[in-house]
Student: 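This is the structure I want to talk about, given as structure tokens.
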Amino acid sequence: MTSKVRVRFAPSPTGNLHIGGARTAIYNWAFARRMGGSFILRIEDTDPERSTPENTAQIIRSLRWLGLNWDEGPEVGGAYGPYLQTERFASYGEMLELLKKKDAVYPCFCSPEQLAARREAALASGSSFIGYDRSCRNLPPDDVAERLSSGACHTWRLKVPLDHGPVIFDDLVFGETSFPIEQLDDFILVRSDGTPTYNYVVVVDDALMQITHVIRGDDHLSNTPKQILVYEALGLIPPHFAHLSMILGSDGKRLSKRHGATSVEAFADEGYFPEALLNYLALLGWSLDGETTLINAELLTENFSLERVSKNPAVFDETKLAWINGVYLKEMGASAFIDALIPYLQDYGFTRSGSAADAPGVLADVAANRSWYEAIYPLIAERAKTLRDVCPQIAYLFSGGKVALDEKSVEKCLAAPGAREALASSLELLSDTALTWELAPIETALRAIPEQLGLKPKVVFQALRVALCGNMVSPPLFESIVLLSREQTLSRIRNAQETTSF
RNA sequence: GGCCCGUUCGUCUAGCGGCCUAGGACACCGCCCUCUCAAGGCGGAGAUUCACGGGUUCGAAUCCCGUACGGGCUACCA
């Protein structure tokens with residue numbers, strides 16, 4: 001086949017975009033870009049009960065957030081539209097007429113109750129085949145015509161060619177796969193209410209949109225032979241298929257809400273970067289070479305290949321995602337970091353003027369104190385995995401002249417022998433207005449204290465840390481002092497002295 | 001029940017007949033660095049030798065057949 005590659009991602013908007021769907025979308029996109037083909041987004045919204053426009057909008061937002069772009073689909077249009085299945089009903093009807101003309105389908109008048117009863121009976125009798133028994137397949141033509149004209153309730157079923165032989169296709173991930181024809185029943189194409197079923201619409205849409213490669217979850221592997229039969233009934237050549245194995249939770253079961261965050265949106269809210277999620281998902285089930293753990297969109301789209309997609313299901317490991325996210329955090333730079341952090345600062349209500357009622361908005365505060373905010377970045381970049389991690393760690397920078405002291409830390413560091421002297425000396429040195437409020441002079445001055453007092457550096461600095469940051473664990477001390485300003489630093493030391501005086 | 005698919009360190013994976021006494025990454029442990037925590041550097045443990053059992057072959061994690069386990073389909077859901 002020499003025609004241009006055309007692939008699609010076809011989510012059904014019955015919820016938000018999940019990790020599994022996101023990975024399928026990424027692989028389709030990467031494959032299209034790698035092959036110089038087209039990536040198409042099609043919304044499968046034929047289930048009116050569960051599909052909503054909100055979900056569609058949400059899915060599109062998540063795909064965009066991930067950095068994916070499509071050549072055809074909602075929002076961008078294209079020559080093979082519409083791209084919402086609910087707007088494509090006419091073609092399903094036309095194709096049904098074609099199938100009727102080819103005598104490839106027949107009406108079935110069995111009721112759902114009858115079918116269920118027969119299925120149960122078949123199951124109970126130990127029969128290996130529990131599909132439709134084809135009782136309407138050979139009804140006398142006159143009878144059929146009569147029932148049809150009298151408006152009898154009926155579905156349309158595919159007339160599976162009995163002499164077909166096994167349905168064989170070469171899956172681009174799983175290799176040659178074969179299904180015995182006896183296992184395939186005359187499944188329903190069009191329901192009694194006139195709506196088409198999934199295995200029918202997906203074929204019509206993919207055919208009409210001239211999709212060349214169907215890349216989707218392997219829960220569809222067993223549906224593939226049915227769809228191939230529809231292609232054949234229509235007189236069409238089926239596309240290539242590539243099935244992707246599932247993503248599992250840590251317990252080895254299919255990933256679901258039970259496992260915590262599973263939607264792309266949830267990860268975005270947690271403060272994961274799109275580049276990091278894309279990176280992680282790209283390598284969850286596909287590998288560049290077995291060595292590469294960090295990959296960006298460019299490298300991915302230059303090298304993606306279906307041959308290197310893994311057949312095994314993969315367990316989703318948020319710890320590794322977090323590690324990757326940390327790498328991106330460390331590399332993004334102060335400016336981008338602060339921009340990304342703003343929503344979280346707003347969440348916590350952090351501004352330089354503390355929680356005063358007349359505090360300016362976070363946006364204005366950041367704009368007015370840009371360099372101060374950017375100075376936070378080197379303090380935190382190595383200590384946080386996600387943006388949401390950041391705020392608790394930098395809360396002490398936003399509490400003004402006072403900081404809440406952690407009890408345990410006070411006990412361990414402020415109540416320790418030498419702590420009082422350390423605070424007193426620090427207060428004295430830092431009060432000296434001759435001391436320039438910059439990192440080097442501050443650090444030089446404070447580093448002299450341990451020797452002067454005959455104390456271990458650790459004792460002195462931990463006491464000061466607790467006094468200033470409220471906790472024995474914090475970002476670097478001297479840098480924090482610079483950010484806190486002389487006024488706040490002195491105030492916090494005095495405050496700590498009061499707490500510890502006895 | 002039937003059909004289909006899968007099975008390499010805890011996890012993601014490399015491996016497509018000899019380079020494997022199985023490599024990388026995350027996680028884990030230790031040491032170094034150090035004002036704490038991280039980060040970083042160095043090292044370690046970790047796969048009863050590649051689910052198990054048979055073959056094929058001079059030679060198998062790699063090919064074939066069974067078994068076990070897991071998953072999917074078997075809907076007038078998608």
Student: If you look at every strand shown and take non-hydrogen atoms under 4.0 Å, does A:Ser245 touch a base, only sugar-phosphate, or nothing?
Tutor: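 Nothing: the residue A:Ser245, judged by heavy atoms under 4.0 Å, touches no strand.
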Student: Checking all strands, does A:Arg308 fall into the base, sugar-phosphate, or nothing category for heavy-atom contacts under 4.0 angstrom?
Tutor: sugar-phosphate
Student: Quick one: list whatever passes side-chain hydrogen bond (donor to acceptor under 3.5 Å, both in side chains) with A:Tyr377, sequence neighbours left out.
Tutor: none
Student: Hey, does A:Leu283 reach any base, or is it just sugar-phosphate, or nothing, if we go heavy atoms under 4.0 Å?
Tutor: sugar-phosphate
Student: Which of residues 320-334 of chain A sit near RNA chain B, with a heavy atom under 4.0 Å from it?
Tutor: A:Lys320, A:Trp323, A:Lys330
Student: Heavy atoms only, 4.0 Å cut-off, all strands: where does A:Phe478 land among base, sugar-phosphate and nothing?
Tutor: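 A:Phe478: base contact, heavy atoms under 4.0 Å.
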Student: Scan every strand shown for a Watson-Crick or G-U wobble partner of B:A25, both distances under 3.5 Å, and answer none if you come up empty.
Tutor: B:U11
Student: Looking at every strand, decide which applies to A:Cys110 at a 4.0 Å heavy-atom threshold: base, sugar-phosphate, or nothing.
Tutor: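 It contacts base atoms.
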Student: Contact class for A:Asn312 (heavy atom, under 4.0 Å): base, sugar-phosphate, or nothing?
Tutor: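 The answer is sugar-phosphate, as A:Asn312 gets under 4.0 Å only of primed atoms, P, OP1 or OP2.
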Student: Check if the side chain of A:Ser192 and the base of B:C76 share a donor-acceptor pair of N or O atoms closer than 3.5 Å.
Tutor: yes
Student: Touch check for A:His243, heavy atoms < 4.0 angstrom, all strands: base, sugar-phosphate only, or nothing?
Tutor: nothing
Student: Taking only residues two or more places apart in sequence, or in another chain, which ones meet A:Glu443 in a salt bridge (charged side-chain N to carboxylate O under 4.0 Å, His left out)?
Tutor: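 For A:Glu443, the residues satisfying salt bridge (charged side-chain N to carboxylate O under 4.0 Å, His left out) (neighbours in sequence not counted) are A:Arg447.
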Student: Across all strands, who's sitting opposite B:C69 as a Watson-Crick or G-U wobble pair, both distances under 3.5 Å?
Tutor: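 B:G6 is the nucleotide pairing with B:C69.
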